Amino acid sequence: MAQQISLTFPDGNSRQYNEGVTPADVAASIASSLAKKAISATVDGEHWDMAWPIKTDSTIAINTMKDEAPAVELIRHDLAHIMARAVQEIWPSTQVTIGPVIKDGWYYDFDRKEPFTPDDLGTIEKKMKEIINKRDEVRTEVWDRDVALKYYEDRCEPYKVELINGIPGDEPLRMYWHGDWQDLCRGPHLQNTGQVPGDSWKLMSIAGAYWRGDSNRTMLQRIYGVAFQNKEQLKAHLHMLEEAAKRDHRKLGREMDLFHMQEEAPGQIFWHPNGWLIYTQLQDYMRRKQRGGGYVEVNTPQVVDRKLWEQSGHWEKYQEHMFIVEVDEEHAREKSINALKPMNCPCHVQIFNQGLKSYRDLPLRMAEFGSCNRYEPSGALHGIMRVRGFTQDDGHIFCTEDQIEEETLTYIEFLTSIYRDLGFENFKVKFSDRPNTRSGSDEVWDKAETALLAATRKAGIEPELNPGEGAFYGPKLEFVLTDAIGRDWQCGTHQVDFVLPERLEANYIGSDGEKHRPVMLHRATLGSFERFIGILIEEHAGKLPFWLAPRQVVVASIISDADDYVREVVALLKAVGVRAEADIRNEKINYKVREHSLGKVPVILACGAREVEEHTVSVRRLGEKQTSVTTLTAIIDSLKTSVTPPDLL
RNA sequence: GCUGCUGUAGCUCACUGGCAGAGCACUCCCUUGGUAAGGGAGAGGUCGAGAGUUCGAUUCUCUCCAGCAGCACCA
């Protein structure tokens with residue numbers, strides 16, 4: 001007689017089953033219609049295959065296609081396998097590797113001599129639909145390690161062999177069969193391939209990806225797909241991508257005439273007047289905020305002798321990524337070798353080191369809008385978000401170990417208020433702790449990690465953990481924003497550093513009269529102006545807050561008899577600090593409205609005979625269809641307020 | 001850096017082994033108008049750079065450069 005176990009259903013009722021009962025049995029015991037519709041179960045909170053036996057008392061919920069999270073998970077997961085099978089059926093010599101579920105879909109990595117072409121995606125999709133239509137049963141088998149290894153060795157699938165060797169010995173090796181095609185997989189899966197909706201997914205792109213994410217190993221070919229519960233959701237997703245493409249900062253940068261880049265200076269930006277206005281507005285704002293936050297602003301050299309980089313340790317580690325400047329000095333024995341500064345910290349320590357510092361000087365908050373140049377790998381460059389020449393809103397806080405927590409908390413609040421002002425209420429915070437290779441004792445790391453975490457939580461933020469991702473010199477917090485299509489970009493950062501003060505021999509005199517080593521906190525709020533402006537453009541789809549908009553108001557004449565009045569209005573607006581321009585071209589008002597709307601000008605003031613007569617303007621705000629007629633004095637008052645940056649309101 | 005794709009007018013993109021094309025933008029003319037494109041004319045190009053194949057290359061091949069997607073990297 002089998003052992004009985006008790007399963008509790010979502011409605012709170014329990015029933016007894018034999019130990020080893022599967023969710024499929026359970027569903028069948030409830031109703032045959034449920035057994036038919038079931039796709040998986042949630043057992044004690046875990047996503048459970050219909051075929052896996054349940055051994056202990058548990059809670060259980062049977063999932064159907066109507067349960068979004070499990071349904072989408074299984075659809076994507078099974079599609080990964082179906083795609084791999086399709087590829088192997090079309091090109092049998094292709095080797096399969098791994099194919100996980102990711103946001104919005106899945107990918108699968110293949111090793112095949114010939115590159116996949118965009119046309120191949122159509123061929124693969126067709127084959128996948130055939131497989132779905134076959135409604136092949138999905139079966140699980142648990143294999144012995146030897147059998148599995150032999151199976152894959154015989155089939156010349158070295159990647160699978162390596163995967164099996166990486167799975168701990170006590171874990172079962174599950175093989176999933178989709179008809180007569182089989183793949184090593186943790187599961188769970190659907191019951192049959194026909195449960196995947198035929199029209200709710202699409203293959204998107206082909207790209208290269210290193211086996212196991214290691215750039216020393218083979219480059220595989222990755223195919224990405226997206227999948228959803230139904231056709232409508234797929235359509236909505238594809239539509240979202242189209243809309244997101246319109247917000248791309250590279251496109252808007254051109255349309256709004258903000259900046260350009262060209263071959264002669266890859267990864268560097270030619271800022272046009274409109275773009276530079278955003279930049280300087282933002283810089284002015286940051287300068288005021290930093291002063292308010294107790295920072296002293298400094299400026300340091302661009303070209304610095306390699307000796308300093310050797311001392312700081314950057315030469316050894318990052319030489320390849322530095323712009324080297326060699327200078328032949330007269331009478332010198334050898335060329336002097338310098339580097340464009342890739343970062344500001346060593347220079348800031350030089351300022352700290354001038355004169356003796358007392359514990360009374362700490363914490364010392366030093367800020368610089370520091371122009372840096374890094375020779376970033378060509379493949380890393382991306383619009384103005386990842387560039388080779390950029391300016392950080394950099395800052396270094398020299399403090400004692402005991403001050404780390406308080407300085408961190410103060411800083412998080414500082415950053416939060418800035419992000420809020422700039423329209424980012426929500427952002428990700430990631431906490432990266434000690435990496436395997438690191439400097440400093442475990443005691444110091446303990447203290448720093450505890451301080452960072454405690455400060456973050458005091459600020460009401462529970463950070464995501466990035467285990468082992470800290471810098472070699474200390475743990476860090478990253479403040480991450482996302483672009484139009486959801487890619488993550490690290491903007492703000494806050495890092496503890498025990499190493500640099502040591503290497504550059506920074507010290508201060510403590511209350512005991514002895515020399516002590518300060519701790520350095522590296523922090524940047526925007527990160528770089530370049531990246532942040534890129535994000536800002538995408539976040540606002542080019543419709544920047546009024547105070548940041550490069551072109552704020554266009555005063556447009558409807559008839560040329562209004563030209564003088566237009567000039568007068570522009571002059572009055574300029575007098576109160578509004579960036580206003582006249583459009584008295586010989587064009588129709590429709591034409592002007594369209595052009596300035598596309599140029600993302602927040603306010604268009606149209607003036608015709610009536611407005612001249614009544615001393616009013618017709619106001620049209622960006623994104624609104626209707627217009628309103630307002631007196632000249634009223635609009636000037638209102639725009640005068642709008643032009644004020646948020647920190648001065 | 002790696003894999004794949006792309007590079008033609010300021011922008012978006014056609015076409016082609018034998019005189020280089022469109023729309024928008026630009027300049028000029030006509031039009032004075034009421035909230036997302038009024039009409040006409042004109043100008044604009046070493047077809048990313050270099051080499052090769054060819055009678056002839058923007059087109060085919062190779063190398064390089066740059067961009068795009070992803071991977072790796074991001075002090």
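Note on naming: letters A, B, ... go to the chains in the order of the sequence lines (proteins, then strands), and numbering restarts at 1 for each one. Just so you know, these numbers come straight off a predicted model, no measurement behind them. All values below come from the heavy atoms of this structure, side chains included, with hydrogens, waters and symmetry mates left out.
B:U58 and B:C13 have their C1' atoms separated by 16 Å, with the value rounded to a whole Å. Comparing the same atom, P, in B:C5 and in B:A22 gives a spacing of 31 Å after rounding to whole Å. With C1' as the reference atom, B:G21 and B:U59 are 15 Å apart, rounded to whole Å. B:G4 sits 30 Å from B:U46 when the C1' atoms are compared, rounded to a whole Å. Nucleotides B:C26 and B:C64 have their P atoms positioned 41 Å apart, rounded to a whole Å. Atom P of B:G23 sits at a distance of 36 Å from the matching atom of B:C62, rounded to the whole Å. Between the C1' atoms of B:C47 and B:U8, the separation comes to 4 Å (whole Å). Rounded to a whole angstrom, the distance from the C1' atom of B:G52 to that of B:A9 is 29 Å.
Side-chain atoms of A:T616 and A:T631 include no donor-acceptor pair closer than 3.5 Å.
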Checklist entry - Can you give one letter per nucleotide of nucleotides 37-43 of chain B, 5' to 3': B if a protein heavy atom sits under 4.0 Å from the base, S if only from the sugar-phosphate, - if neither? => result BS-----
Checklist entry - How does protein reach along nucleotides 2-9 of chain B, written 5' to 3' as B (base within reach of a heavy atom under 4.0 Å), S (only sugar-phosphate), or - (no contact)? => result BBS--B--
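Base contact: A:A606 has a heavy atom under 4.0 Å from a base atom. Across all strands, A:F472 comes closer than 4.0 Å to no nucleic acid atom at all (heavy-atom distances). Among the heavy atoms of the strands, none lies under 4.0 Å from A:Y107. Looking at heavy-atom distances under 4.0 Å, A:R487 makes contact with sugar-phosphate atoms alone, never a base. No engagement by A:E478 is indicated, since no non-hydrogen atom pair under 4.0 Å with the nucleic acid exists.
A donor N or O paired with an acceptor N or O is found under 3.5 Å between the base of B:A36 and the side-chain atoms of A:R620. For B:C68, its base never sits under 3.5 Å from the side chain of A:R250 at any donor and acceptor pair.
Remark: A:Y565 engages A:H615 in a ring-ring contact (aromatic ring centres under 6.0 Å, His included) (not counting sequence neighbours). Every residue meeting the ring-ring contact (aromatic ring centres under 6.0 Å, His included) condition with A:Y108, not counting sequence neighbours, appears here in chain and number order: A:F110. In this view, A:Y591 satisfies the ring-ring contact (aromatic ring centres under 6.0 Å, His included) rule with no residue, not counting sequence neighbours. Listed by chain and residue number, A:D583, A:E595 satisfy the salt bridge (charged side-chain N to carboxylate O under 4.0 Å, His left out) test with A:R585 (two or more places apart in sequence, or in another chain). Residues satisfying the side chain to side chain donor-acceptor pair (under 3.5 Å) test with A:R434, not counting sequence neighbours, are A:D446, A:E449. In this view, A:W91 and A:F116 satisfy the ring-ring contact (aromatic ring centres under 6.0 Å, His included) rule, not counting sequence neighbours.
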What side-chain donor-acceptor pairs closer than 3.5 Å can you find for residues 377-388 of chain A, not counting sequence neighbours?
residue, atom, partner, partner atom, Å
A:R386, NH2, A:E376, OE1, 3.0
A:R388, NE, A:E376, O, 3.0
A:R388, NH2, A:E376, O, 2.8

Tabulate below the donor-acceptor pairs under 3.5 Å that side-chain atoms of residues 466-481 of chain A make, not counting sequence neighbours, or state none.
residue, atom, partner, partner atom, Å
A:Y473, OH, A:Q495, OE1, 2.4

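Judged by closest nucleotide on RNA chain B, A:E624 is the one of A:E624 and A:D214 placed further toward the 5' end. Mapped onto RNA chain B by nearest heavy atom, A:I604 and A:N373 fall at different nucleotides, with A:I604 at the one closer to the 5' end.
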Item to check | Full working for ring-ring contact (aromatic ring centres under 6.0 Å, His included) between A:H494 and A:H522 | outcome: CA-CA 6 Å; A:H494 179 89; A:H522 305 252; 9.6 Å; no
Item to check | Derivation of the side-chain contact (heavy atoms from CB on, under 4.5 Å) call for A:V555 and A:E581 | outcome: CA-CA 6 Å; A:V555 187; A:E581 54 196 276; over 6 Å; no
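A:F532 pairs in a ring-ring contact (aromatic ring centres under 6.0 Å, His included) with only one of the listed residues (A:F424, A:Y279, A:F427), which is A:F424.
One finds a side-chain N or O of A:H382 lying less than 4.0 angstrom from the OP1 or OP2 phosphate oxygen of B:A69. When the side-chain nitrogen and oxygen atoms of A:R254 are compared with OP1 and OP2 of B:U12, one or more of them lie within a distance under 4.0 Å.
More than 12 heavy-atom neighbours from other residues, nucleotides or ligands sit within 6.0 angstrom of CZ on A:R517.
Taking the O4'-C1'-N9-C4 or O4'-C1'-N1-C2 dihedral as appropriate, B:C65 has a value more than 90° from 0 and is therefore anti.
Of the candidates B:A75, B:C74, B:C71, B:A75 carries the atom nearest the A:M322 side chain, counting heavy atoms from C-beta on.
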Next on the checklist: Dot-bracket, 5' to 3', for RNA chain B please: Watson-Crick or G-U pairs under 3.5 Å, [ ] where pairs cross earlier ones, | where the partner sits on another strand, dots elsewhere.
Outcome noted: (((((((..((((....[..)))).(((((.......))))).....(((((..]....))))))))))))....
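For residues 550-569 of chain A, proximity to RNA chain B is found at A:I558, A:I559, A:S560, defined as any non-hydrogen atom under 4.0 angstrom from a strand atom.
Here A:K430 pairs with A:D488 in a salt bridge; the nearest charged N to carboxylate O distance falls below 4.0 Å.
Taking the six-membered ring for Trp, A:H321 and A:Y375 have ring centres at least 6.0 Å apart.
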